[in-house]
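First the proteins, then the strands, lettered A, B, ... as listed; each starts at 1.
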Amino acid sequence: MITENSAPVNKHFVRQIIEADIAAGRNGGRVVTRFPPEPNGYLHIGHAKAICIDFGMAQEYGGRCHLRMDDTNPAKEEMEYINAIQEDVRWLGFDWGAHFYHASDYFEGMYAFAEKLIERGKAYVCAVPQDDWKDYRGVPTRPGKESPWRNRPVTESRDLFRRMKAGEFKEGELCLRAKIDMASPNIHLRDPVIYRILHAEHPHTGNKWCVYPMYDFAHPLEDAFEGVTHSLCSIEFEVHRPLYDWVIENLMSIVKSGDAAAVKWFVHDHEKYDGPQQNEFARLDLTFTVMSKRKLLELVENKLVSGWDDPRMPTLCGLRRRGYTPVAIRNFVETVGVTKFNSLTEVALLEHCIREDLNKTALRRMAVLKPLKVTIENAENLPATVAAQNNPEDPVAGTRQIPFSHELLIEAEDFMEVPPPKYFRLTPGGSVRIRNAGFLTCTRVEKDAVGAVTNVVCRWSPPTAELKVKGTIHWVSAPHAKPVTVRLYDRLFTVPEPDGQELDFKTFLNPHSLEQVTAFAEPAVAEAKRGEKFQFERVAYFVADVHDSQPGAPVFNHTVTLKDTWAKAEKAKKH
RNA sequence: UGCCGGAUGGUGUAAUGGUAGCACAACAGACUCUGGAUCUGUUUGUCUAGGUUCAAGUCCUAGUCCGGCAGCCA
């Protein structure tokens with residue numbers, strides 16, 4: 001069980017419902033949940049919330065959670081996604097054990113149940129063309145009217161349904177409708193389509209079927225067949241719940257009638273099983289990004305990002321490549337909470353969560369992104385190497401030796417000829433501590449033809465020198481420095497809500513969301529393994545890219561910047 | 001203006017009739033061989049109007065505003 005938070009558990013409404021159900025002995029006190037993605041895209045941070053809730057509730061209450069591909073629409077679904085989804089869920093830290101399913105596993109049972117509905121007068125084959133159905137369905141404020149086929153004989157419907165399955169009709173020619181209530185104020189109850197004809201190859205069942213169940217019909221059956229007790233989904237399905245319940249009631253009434261065939265549809269727990277119940281919670285939404293699969297696909301297809309796993313994407317594979325950890329994401333989801341309120345969470349909270357984790361775990365290294373040469377004039381007694389802690393937050397991480405020399409590179413912004421007030425770094429005549437290696441006092445500077453500083457000449461003092469300085473800067477030894485490719489990422493969009501604006505969301509793409517530079521790093525950095533995470537001290541957290549890093553030549557992706565109160569104050573001054 | 005939800009600081013969330021708390025953000029300070037981390041403090045909130053009650057964010061009534069629903073998508 002995952003318990004990285006020692007904070008008291010927030011008894012959100014889903015936990016309360018589950019605890020009440022256990023107390024009441026519903027479903028024999030079992031808790032079975034499921035995470036049911038449609039394999040038509042990659043999982044994103046919004047799905048992470050659903051995954052943490054679905055798997056988390058099962059873990060907490062001693063139950064199990066199924067991973068189920070909701071593959072009822074072969075026109076949109078692909079194997080690529082089915083594989084990626086499993087990888088992402090596993091990476092997030094969850095385990096479905098043997099409980100990996102496909103909705104398509106139950107097509108036989110769903111079909112048989114549909115026939116039972118026909119026989120019970122609860123469903124009929126309808127020939128009203130799709131375009132005409134708008135008139136029959138009516139509008140929310142006005143009731144619909146009944147299909148002319150609504151009361152056709154049971155035998156006729158059953159025969160037509162069988163011929164639909166046999167492939168005798170074209171797509172759209174006929175469909176199977178549940179016979180419920182055309183006057184219902186809930187549109188979903190106005191004789192919804194439960195089976196449609198689709199002549200498409202299915203990624204899992206191939207060409208076996210040409211009739212496919214609709215979500216509203218299939219989902220409750222999938223849940224019931226698997227013995228799911230709590231079917232947790234997002235709030236847009238709230239208005240579907242009466243239909244969900246209608247399907248379940250009809251199913252359970254057939255089961256309770258002792259129909260031997262019906263029992264075979266169940267793969268789990270049909271004994272002492274009261275049936276599943278649907279409960280809805282609000283989706284996760286984040287600032288400075290988009291969350292719909294359609295829009296993410298648009299970014300990928302238009303090559304506005306390098307792919308689904310571009311480190312700027314809010315996809316789980318993108319976040320993983322960016323250097324985010326499962327722990328950080330799980331903590332983030334727990335912090336955001338579970339309610340029915342449509343909220344917009346600031347991306348700053350996500351960034352806080354990854355900093356919190358990486359601060360504890362990432363090894364420290366030194367690297368200079370924009371170098372400025374420093375020459376030490378008193379080069380006689382310099383140490384060849386200096387020792388540094390790998391992680392001041394974690395003594396167990398040990399220490400390392402860093403080569404030192406009379407030629408250093410420092411960050412260009414760590415030297416200023418004419419410093420502003422409270423600038424604690426290197427200035428002409430001033431002193432500064434250099435991390436792990438004593439002090440530098442600037443004696444003079446060399447400039448090029450246009451007056452730019454090209455070399456800062458300094459006197460070095462050992463760490464034992466009692467120099468009073470207010471700042472510490474990072475450095476690398478120039479002759480030992482390893483050039484490494486560093487990709488600096490920023491937010492993908494320039495506005496907090498790129499969605500829902502008058503202009504297209506792509507208008508707000510941040511043109512500076514990726515900047516590639518060559519940084520100069522201490523030698524240890526060149527040995528970084530793919531996926532290894534570091535803090536380049538005073539700069540940011542980075543991860544060695546899993547795709548583009550080569551042995552001895554890592555490529556670093558910027559994960560999240562360190563907090564920088566100096567930069568913030570300077571920025572505030574300008575505005 | 002049909003039906004279903006929802007409304008607590010800038011953001012997210014807690015308080016289940018009894019002191020409106022926590023986290024992020026912002027701001028100020030302490031400390032610091034990372035202007036990081038850590039620590040301390042400050043600012044900012046119950047949608048409105050009535051009612052019930054000794055006591056209302058919570059219960060009741062009426063409004064206001066926001067979200068969702070009219071695919072043979074999920």
(request) Under a 3.5 Å limit for both distances, which nucleotide forms a Watson-Crick or G-U wobble pair with B:C24, could you say? (result) B:G10
(request) Would you mind classifying the nucleic acid contact of A:Phe237 as base, sugar-phosphate or nothing, using non-hydrogen atoms under 4.0 angstrom? (result) base
(request) For nucleotides B:G57 and B:A7, find the distance between their P atoms and express it as a whole number of Å. (result) 15 Å
(request) Report the residue (A:Ala348 or A:Asn73) whose heavy-atom-nearest nucleotide on RNA chain B is the more 5′ of the two. (result) A:Ala348
(request) Tell me which nucleotide among B:U13, B:G35, B:A74 gets nearest to the side chain of A:Tyr423. (result) B:G35
(request) Check each residue of residues 134-145 of chain A for a non-hydrogen atom within less than 4.0 Å of any atom in RNA chain B, then write out the ones that pass by number, or none. (result) A:Arg137, A:Val139, A:Pro140, A:Thr141
(message) When you measure from the side chain of A:Trp460 to the backbone of A:Leu382, do you find a donor-acceptor pair of N or O atoms at a distance under 3.5 Å?
(response) no
(message) When the C1' atoms of B:C65 and B:C73 are compared, how many Å lie between them, rounded to an integer?
(response) 31 Å
(message) Quick check on the 6.0 Å ring-centre criterion: do A:Tyr541 and A:Phe534 meet it?
(response) no
(message) Partner lookup for B:C54, please. Criteria are Watson-Crick or G-U wobble with both distances under 3.5 angstrom; report none if nothing qualifies.
(response) B:G18
(request) Rounded to the nearest 0.5 Å, what's the gap from CD1 on A:Ile118 to CZ on A:Arg162? Could you check? (result) 8.5 Å
(request) Give one of base, sugar-phosphate or nothing for A:Val128, where a contact means two heavy atoms less than 4.0 Å apart. (result) base
(message) Distance check, rounded to the nearest 0.5 Å: A:Glu301 atom CD versus A:Arg294 atom CZ?
(response) 11.0 Å
(request) Name the closest nucleotide to the A:Lys76 side chain, picking from B:U11, B:G35, B:C73. (result) B:C73
(request) Looking at every strand, decide which applies to A:Val336 at a 4.0 Å heavy-atom threshold: base, sugar-phosphate, or nothing. (result) sugar-phosphate
(request) Sort out the partner of B:C3 for me: Watson-Crick or G-U wobble, both distances under 3.5 Å, none otherwise. (result) B:G68
(request) Select base, sugar-phosphate, or nothing to describe what A:Thr339 touches, counting heavy atoms under 4.0 Å on all strands. (result) sugar-phosphate
(request) Would you mind pulling out the nucleotide paired to B:G36, Watson-Crick or G-U wobble, both distances under 3.5 Å? (result) none
(message) For A:Tyr195 and A:Tyr212, I'd like to know if the aromatic rings sit close, meaning centre-to-centre distance below 6.0 Å.
(response) no
(request) Let me have a per-nucleotide readout for nucleotides 26-34 of chain B, 5' to 3', with B, S or -, counting only protein heavy atoms under 4.0 Å. (result) SS-----BB
(request) Between B:U61 and B:C22, how far apart are the P atoms? Round to whole Å, please. (result) 34 Å
(message) I'd like to know whether the aromatic ring centres of A:Phe161 and A:Tyr111 sit less than 6.0 Å apart in this structure.
(response) yes
(request) Could you measure between the two C1' atoms, the one in B:A56 and the one in B:G18, and give it in whole Å? (result) 10 Å
(request) For A:Gly172, report the nucleic acid contact type (base, sugar-phosphate, nothing); a contact means any heavy atom under 4.0 Å. (result) base
(request) Could you identify which residues of residues 180-196 of chain A place a heavy atom less than 4.0 Å from some atom of RNA chain B, listed by residue number, or say none? (result) A:Pro185, A:Ile187, A:His188, A:Val193, A:Arg196
(request) Kindly point out which of B:G68, B:U13, B:A74 is positioned nearest to the side chain of A:Asn10? (result) B:U13
(request) Go through the N and O atoms of the side chain of A:Gln130 and the base of B:G71, and report whether any donor-acceptor pair is under 3.5 Å. (result) no
(message) Please pick, from B:G10, B:U13, B:C4, the nucleotide with the shortest atom-to-atom distance to any side-chain atom of A:Phe341.
(response) B:U13
(request) Determine which nucleotide pairs with B:U61, using a 3.5 Å limit on both distances of a Watson-Crick or G-U wobble pair. (result) B:A49
(message) For B:G36 and A:Thr565 - does any side-chain N or O of the residue sit under 4.0 Å from the phosphate oxygens OP1/OP2?
(response) yes
